[in-house]
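For this chain, numbers begin at 1 and follow the sequence in order. These values consider heavy atoms only, across backbone and side chains, with no hydrogens, waters or symmetry-generated copies. No experiment lies behind these values; they were computed from the predicted model shown.
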Amino acid sequence: VRPLDFEFLKDRYDFELERKNKLTGDLALPVGVLSGLGGLATTMARSFTYKDPFLTSTFTVLLGLSGTGFLVCVILLWKAYLAQTYEYLPLLGDLDKSAEEFREFSAYVRDTGGELEDTFSNEFRRRIIKAADRNTLSNDLRSKWLHYSRIALFFVFGFTAMAAAPYVADQRINMRSAMPTPQAPKPVAQATTSPAPAPQRPTFPENRVIKEGHEPGNVKK
């Protein structure tokens, strides 16, 4: 069996097309992870208080590096998706028509006593090799962009994870300052009642002075 027989060429051509579909499917995971990290970074940036200078500078630098890695990763994933330039064999109807034309041409060459150099099989082999090689180069390029995008994704994950440390510290400080401080219980105000007025001195009836010989009801004062 020759190393470049039709079966080998066909398998290589089919392999590159299957590789194309696999590379396209492999883009889903980094895109999903990148979307989650982007949402997490946006949430942290919005809820950060930016009050403490040290925490603010640390958080800003780490989140800025994460954002830079995010943009780089998006560009690489976009390039890996767009680099889909593939070459396919002609339609079956066109191949059948071409085969018939080559048969007629071969019959003419044999009838005229010429040497047949170009046949349908030779041309078909060249077309399969050309398409398979073109698809191999395209897949190699997409694989390279996808590899670099995964590296950038690790940077995004790392810087986002490091930015979570000052974020958690900032949120704890904010929670402490927002908690109400216990206040000393206020003394219960006692009802002030006005003192009862002092009772007046009771009156004592005057003594009765009765002169002898007078009526008992007469009183001399």
Student: Main chain of A131, side chain of N135: is a donor-acceptor contact present, judged purely on distance under 3.5 Å?
Tutor: yes

Student: I'd like to know if the side chain of S98 and the backbone of L95 have a donor-acceptor N/O pair within less than 3.5 Å.
Tutor: no

Student: Look up atom CD in Q84 and atom NZ in K20, then write down how far apart they are to the nearest 0.5 Å.
Tutor: 5.5 Å

Student: Mind checking whether F70 and L27 sit in one hydrophobic cluster, side chains of I, L, V, M, F, W, Y counted as touching below 4.5 Å?
Tutor: yes

Student: Indicate yes or no: does D140 engage K144 in a salt bridge with an N to O separation below 4.0 Å.
Tutor: no

Student: Check this for me, if you would: do E100 and R103 make a salt bridge, where the nitrogen-to-carboxylate-oxygen distance has to be below 4.0 angstrom?
Tutor: yes

Student: Under a 4.0 Å N-O cut-off, is there an ion pair linking E16 with R12?
Tutor: yes

Student: Does Y13 use its side chain to pair, donor to acceptor, with the backbone of L89 at less than 3.5 Å?
Tutor: yes

Student: Can you tell me how far apart CG (L55) and OH (Y167) are? Round to the nearest 0.5 Å.
Tutor: 13.0 Å

Student: Decide whether L153 and F155 are clustered together by the hydrophobic rule: side chain heavy atoms of Ile, Leu, Val, Met, Phe, Trp, Tyr closer than 4.5 Å, transitively.
Tutor: no

Student: Tell me, yes or no, whether the heavy-atom count around F120 atom CZ, taken from other residues, nucleotides or ligands under 6.0 Å, exceeds 12.
Tutor: yes

Student: Between atom CG of L23 and atom CZ of R19, what is the distance when rounded to the nearest 0.5 Å?
Tutor: 6.0 Å

Student: What side-chain donor-acceptor pairs closer than 3.5 Å can you find for residues 32-39, not counting sequence neighbours?
Tutor:
| unit_1 | atom_1 | unit_2 | atom_2 | d |
| --- | --- | --- | --- | --- |
| S35 | OG | V31 | O | 2.8 |

Student: Are F8 and F15 connected in a single hydrophobic cluster, I mean Ile/Leu/Val/Met/Phe/Trp/Tyr linked by side-chain heavy atoms less than 4.5 Å apart?
Tutor: no

Student: For N139, is there any backbone N or O sitting under 3.5 Å from a side-chain donor or acceptor partner on S143?
Tutor: no

Student: Do the side chains of L17 and L146 join up, straight or via other hydrophobic residues, at under 4.5 Å, putting them in one cluster?
Tutor: no

Student: Sub-3.5 Å donor-acceptor pair from the side chain of S66 to the main-chain atoms of L62, do we have one?
Tutor: no

Student: Which of parallel (below 30°), tilted (30 to 60°) and perpendicular (above 60°) describes F59 and Y50?
Tutor: perpendicular

Student: Could you tell me the separation between the CD1 atom of I128 and the CG atom of D133, rounded to the nearest 0.5 Å?
Tutor: 11.5 Å

Student: More than 12 heavy atoms of other residues, nucleotides or ligands under 6.0 Å from OH of Y88: is that the case?
Tutor: yes

Student: Residues in side chain to side chain contact (heavy atoms under 4.5 Å, CB included) with A165, at least two apart?
Tutor: none

Student: Using the side-chain contact (heavy atoms from CB on, under 4.5 Å) rule, take T56 and F48 through it: C-alpha gap first, then chi angles, then the decisive distance, then the call.
Tutor: CA-CA 8 Å; T56 299; F48 198 82; 3.7 Å; yes

Student: Go through the steps for Y86 and R134 under the test side-chain contact (heavy atoms from CB on, under 4.5 Å), then give the verdict.
Tutor: CA-CA 7 Å; Y86 291 91; R134 175 70 178 271; over 6 Å; no

Student: Output the distance between atom OG1 (T60) and atom CG (L65), rounded to the nearest 0.5 Å.
Tutor: 11.0 Å

Student: Under 4.5 Å between side-chain heavy atoms, counting indirect links through other Ile/Leu/Val/Met/Phe/Trp/Tyr residues: same cluster for V156 and V74 or not?
Tutor: yes

Student: Among all residues two or more places apart in sequence or in another chain, which pass the side chain to side chain contact (heavy atoms under 4.5 Å, CB included) test with E123?
Tutor: F102, R126, R127

Student: K51: which residues meet the side chain to side chain contact (heavy atoms under 4.5 Å, CB included) condition with it, sequence neighbours left out?
Tutor: T49, N174

Student: When you measure from the side chain of R142 to the backbone N and O of A80, does any donor-acceptor pair fall under 3.5 Å?
Tutor: yes

Student: Could you give the distance from CG (D11) to CG (D5), rounded to the nearest 0.5 Å?
Tutor: 8.5 Å

Student: If you draw a 6.0 Å radius around CG in L82, do more than 12 non-hydrogen atoms from other residues or ligands fall strictly inside?
Tutor: yes

Student: With sequence neighbours excluded, what pairs up with D96 under the side chain to side chain donor-acceptor pair (under 3.5 Å) test?
Tutor: none

Student: Of all residues at least two apart in sequence or in a different chain, which pass the side chain to side chain contact (heavy atoms under 4.5 Å, CB included) check with A152?
Tutor: V72, C73, L76

Student: Can you tell me if S138 uses its side chain to pair, donor with acceptor, with the backbone of T85 under 3.5 Å?
Tutor: yes

Student: Kindly indicate whether the side chain of D26, heavy atoms from C-beta on, has any atom under 4.5 Å from the side chain of R150.
Tutor: yes

Student: How close do F6 and S121 get, counting heavy atoms only, and between which atoms?
Tutor: CZ-O, 3.5 Å

